[in-house]
Amino acid sequence: MSSERRKPYPFDQIEPKWQAIWDERQIFHAPNPGEKNFDAAKPKFYVLDMFPYPSGAGLHVGHPEGYTATDIIARYKRMRGFNVLHPMGWDAFGLPAEQYAIKSGQHPAVTTRENVSKFKSQLKRIGFSYDWHREINTTDPRYFKWTQWIFLQIYNSWLNPKTNKAEPIKTYRGKNPDEVRLAYVADVLVNWCPELGTVLANEEVVDGKSEVGGFPVVRRPMRQWMLRITAYAERLIDELEGLDWPQGIKLLQRNWIGRSEGAEVDFKIDDKKIRIFTTRPDTLYGATYMVLAPEHSLVDLIVTEEQWPSVRDYREKTARKSDLERTELAKEKTGVFTGAYAINPVNDEKIPIWIADYVLLGYGTGAIMAVPAHDERDLEFARKFNLPIRQVVQPPGDEEPIGFVGDGVAINSPIIDGLPSREAIRKITAWLEERGLGKRAINYKLRDWLFSRQRYWGEPFPIVWEDGKHRVLDESELPVVPPPLEDYKPTGTGEPPLAKAKDWIRYSKKAVRETNVMPQWAGSCWYYLRFCDSHNDKRFVSEKAEKYWMGGGKPGGVDLYVGGTEHAVLHLLYARFWHKVLFDLGYVSKSEPFQRLVNQGIILGEDNQKMSKSRGNIVNPDDVIEQYGADAFRCYEMFMGPLEQMKSWSMRGVEGIARFLARVWRLMMSENQAGQWELSPAVQEVDLTNPQRKILHATTKKVTDDIESFSFNTAISQMMIFVNAFTTAQTIPISAMQPFLVLLNPFAPHLSSELWEKLKLPGQITEQPWPGFDERFLVEDEVEIVIQMNGKVRDRMKMSIQASEEEIKNAALALPKIQELTSDKQIRKVVVIPKKLVNIVL
RNA sequence: GCCGAUGUGGCGAAAUGGCAGACGCAACGGACUUAAAAUCCGUUCCCGUGAAAACGGGGUAUGGGUUCGAAUCCCAUCAUCGGCACCA
């Protein structure tokens, strides 16, 4: 293991050499339309990685997996004649840098700068072909100025239900625009994490604990900034349709948004009414009681004198429950009677009204009709509190009717008796609508996005408060830069740390600044747009650059987006939402940001466990590159298995790939007496033999197809087969090596560049067109045909490729072995698949 | 509980209706070498017959089905991973 050990090939010299050349000559810089060297004749291809959070730990082997895949695609597409946009940047606002600042007293900007420079040098060492000229950092005021600017656009817009599009707020004709703005302030029950001293989005709470750090989270009402993402629920579901995303991710988003169709129905209580939402209006006759969420505003108005103490008591108890407790205690239903009764509109029956925490304020109308016979939760509740259960749906077959929640036939329901459930729903909804008792309605699980955080290290809001009212700053006042602070610690009271900057918050005599900051997701909601034009100080992105890189014939702008599944709902939903707002306002040309999405699988440690510090199974890319080189590292990451799959690291596997690359090297290079590498004398300008030509064309075809389908592992296998076929050859034809090096280039760019130079091939390898192949060289005159009997292989024979089915059949039946096996048997059928096989059925 | 994905040698995997295990790792044998490393060549799913070449049988989580033919399509079950989880 000593570093003195001779390298199987001198990657330690050639890799830094080529990285320096690429850097110096700006080989991978993609000019924008209108800039020098821009070639308008070429089509564009935008290939994007999910940019990393530059943590102190540096890169791990999971990061470069997706990055290598996109780098292969980027290099391949350039050779295919595309203008390729392939950028990289840093998502650098967020909790870890701030937590570290609290501990060490070092300003987050300082640690961020250090971490970025470490990440960048690690990425460069792997030889990625990023256009570093376009590098961005979400914590750079020149960047977050535009994050704040986009917030202004969101704040100054509303969704016009008539057009289902965002419009400037001035087109709103109502009295109070603050009620419809896409960014608004509201008192909401939030997820408050005392340990982190901040509120969290629903999406950031996992099993009642914070996703970052795993600290307990409690419900607490607070005044917060919200983004009206729910206004886009329908479009966020519908417009998934045109995207080339994995079905699973689309489903995850659909489920998260959670669309359900049903009806809203009004139940009368004296002179008031309660509106409920149900997906099963056909079960209205089975409603035997109602439940309101404990926090429902109507509770105060309807509760009777004698029930008041227990109702108050119950409400207090549920308010104190954390989310975790609410779900953990879900096994046992709880609730209390309000003393009030409502009238069921279909049969004028008087039914009791309860409150229970299994009904959520935030979904639907916060009130339900309970149909215990056909809803599991209602049934459980009814059984516990001895409420009546009435069957109104007859299940198909002999299923148990009580507790049946599927579709059947309506019974005990005069208006709809005998109708199948779907029809019954339609009929009763129409019946309700005619009488003004209810209407068709759609509900979404998706909640508005809680957009403020009580932290330091994030984008300040471009907002000031005056006389208790918020207003936005002018564009000219951007960026709003966070003030320097001695102490970043959360206050613990829910007041943001920025409130400690007494001078900074004082905006004018009358106005004070908003002290919340935006969540970490803000910066990543639009970074792909900034990459199109990252130095623009007049606009978040120029129209021209946006139109070019984010344009095209598809709904989504970025042609290929690669990253982990962990962002399936959060980042990808938020970014789509922002993009749609910008699209509606006319700032971007497509309604979706990402046309094609590919998820890379996570890489486990050698022990098949998730890599983690505590397990000590973390693989550091630097160590791998030190020992085997960047090309081997890249190729191994791709050779491990299908990109999307979860897979385990193996150092032995890296060695195998390193051996392959060394074989490529020695195919063309040999050592002289002095132990120096020089061009092998076997490399000559000779004609290819037929088998050589065949394998070259087969390899070209397979590598091309496999890159297109992201099957990088099998592309590498094929190149191994190619190399194995040439290792024994007496002479190595240059005419085979030249295209092969181009095929290898996206995978092992350093090695292939060096060999290209050593072979004195013309120009730069990066400027070569992708090799073509000719199908004619792939087909053989003769193919081997397998003879099966009853599906079992019994013999094989060579046949001309042109042989007819009849000829093949006769030839097969004439084979001595087949004659022998069939002589005393009846042949029932013979199946002939030309060029493949014959199956004789006995 | 619900939804989704996955399940193939000692290991990573390939084959997505037509010869299961390409390619790589590991192991074993051989060549080169004073020796080792490196390199090159060969063998390796299981069982049976055979000195061997070979031949026969079985085999893709489990059980069934469709088909001339199934790792691949369908049904059921099990296991692992991921997501959601009182959403009316």
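Note that this is a predicted model, so its numbers are computed, not measured. Residue numbering restarts at 1 for every chain, and letters A, B, ... go by the order of the sequence lines.
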Checklist entry - With sugar-phosphate meaning primed atoms plus P, OP1 and OP2, does A/L252 contact a base, only sugar-phosphate, or nothing at under 4.0 Å between heavy atoms? => result sugar-phosphate

Checklist entry - Any side-chain N or O of A/N724 less than 4.0 Å from the OP1 or OP2 oxygen of B/G24? => result yes

Item to check | Ring centre gap for A/Y289 and A/F381 strictly below 6.0 Å | outcome: yes

Next on the checklist: Mind checking if A/E784 touches a base, just sugar-phosphate, or nothing, with heavy atoms under 4.0 Å?
Outcome noted: base

Checklist entry - For A/M646, which contact category applies under a 4.0 Å heavy-atom criterion: base, sugar-phosphate, or nothing? => result sugar-phosphate

Next on the checklist: At 4.0 Å (heavy atoms only), tell me whether A/S650 reaches a base, stays on the sugar-phosphate, or touches nothing.
Outcome noted: nothing

Checklist entry - With a non-hydrogen cut-off below 4.0 angstrom, is A/K836 in contact with a base, only sugar-phosphate, or nothing? => result sugar-phosphate

Item to check | ring-ring contact (aromatic ring centres under 6.0 Å, His included) partner of A/Y636, the single match among A/Y628, A/W649, A/F712 | outcome: A/W649

Next on the checklist: Base, sugar-phosphate or nothing for A/R794? Non-hydrogen atoms, less than 4.0 Å.
Outcome noted: sugar-phosphate

Next on the checklist: Considering every strand and a 4.0 Å limit on heavy-atom distances, what is the contact class for A/S260: base, sugar-phosphate, or nothing?
Outcome noted: sugar-phosphate

Checklist entry - Base, sugar-phosphate alone, or nothing: which one does A/Q788 contact when heavy atoms must sit under 4.0 Å apart? => result base

Next on the checklist: So if I take residues 653-668 of chain A and measure heavy-atom distances to RNA chain B, which residues fall below 4.0 Å?
Outcome noted: A/G656, A/R659, A/R663, A/R666

Checklist entry - Is it the case that A/N443 and A/S260 place a side-chain donor and acceptor less than 3.5 Å from each other? => result no

Checklist entry - Base, sugar-phosphate alone, or nothing: which one does A/D378 contact when heavy atoms must sit under 4.0 Å apart? => result nothing

Checklist entry - Under a 4.0 Å N-O cut-off, is there an ion pair linking A/E671 with A/R666? => result no

Next on the checklist: By nearest heavy atom, map A/G362 and A/M640 onto RNA chain B; which one lands nearer the 5' end?
Outcome noted: A/M640

